[in-house]
Amino acid sequence: MEHHDLLDEARAAASAAYAPYSGFGVGAAVLTNDGRTFTGTNVENAAFASTLCAEAVAIASAVAAGCRQIERIAVAAADGGPCPPCGNCRQIMNEFGVHHIVLEDATGEAEAHALEAMLPEAFGPEAVRRGQAQ
Ligand code: THU
C-alpha cells in the first residue's frame with residue numbers, strides 16, 4: 001500500500017470525527033504488519049480530559065482485532081491542514097512497533113516520518129521488562 005493510499009483512508013475517517021467542542025476533526029489509518037488496515041477518529045467528551053485521539057482509536061481497533069505489530073500510521077485533519085500527532089499518541093505508537101508516520105506535507109502530499117525522529121529515546125516495553133527480571 002502506498003503512503004498516499006493510507007493517507008486517503010485517514011482523510012476519509014476524519015469525516016466521522018466527533019469533535020463538537022474543538023471543531024478540529026482528525027482521522028487516522030493504520031497498516032498492520034500482516035497487511036490489514038484499521039481507522040479511527042477523535043472522539044471528544046464533555047469532560048474534555050476524556051477525549052480520545054484518532055490515532056489511539058485506530059491503534060486500539062487493530063489491537064482489539066489481534067494485531068499488535070503496526071507498520072505505519074497515517075494522520076489527517078478534517079480541514080486538510082497538517083496534523084502532527086500529540087506526544088501521548090507517539091508513545092502509544094511506540095508500544096506497537098510503528099516505524100513510520102504518514103502526514104501531509106505543506107503541499108498536501110503524503111510524507112513519511114520515522115517514529116524514531118518524532119519520539120527520540122523513547123521509553124518502551126524493554127525498559128519495563130528490566131524491572132520484571134529483578
Ligand atoms: N487530536 C487527535 O485526534 N490527535 C492528535 O494527535 C492531536 C489532537 C484531537 C483531540 C481533540 O479532539 C482535537 O484533536 C483537538 O485537540
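Both counts, for ligands and for their atoms, begin at 1 and track the order of listing.
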Give the intermediate values and the outcome of side-chain contact (heavy atoms from CB on, under 4.5 Å) for residues Val102 and Val75.
CA-CA 6 Å; Val102 179; Val75 191; over 6 Å; no
Should the pair Arg68-Glu95 be classified as a salt bridge under the 4.0 Å nitrogen-to-oxygen rule?
no
Spatial distance of atom NE2 (His3) from atom CD (Glu109) [nearest 0.5 Å]
12.5 Å
Distance (rounded to the nearest 0.5 Å) between Asn45 CG and Tyr18 OH:
7.5 Å
Exercise answer: donor-acceptor pairs, residues 24-37 side-chain atoms, under 3.5 Å, sequence neighbours excluded:
residue	atom	partner	partner atom	Å
Thr32	OG1	Asp34	OD1	2.5
Thr32	OG1	Arg36	N	2.9
Thr32	OG1	Arg36	O	3.2
Asn33	OD1	Glu71	N	3.2

Between CG on residue Leu115 and CE on residue Met118, distance to nearest 0.5 Å
8.0 Å
With a 4.0 Å heavy-atom cut-off, what residues sit around ligand 1?
Ser22, Phe24, Val26, Asn42, Glu44, Thr51, Cys53, Ala54, Glu55, Pro85, Cys86
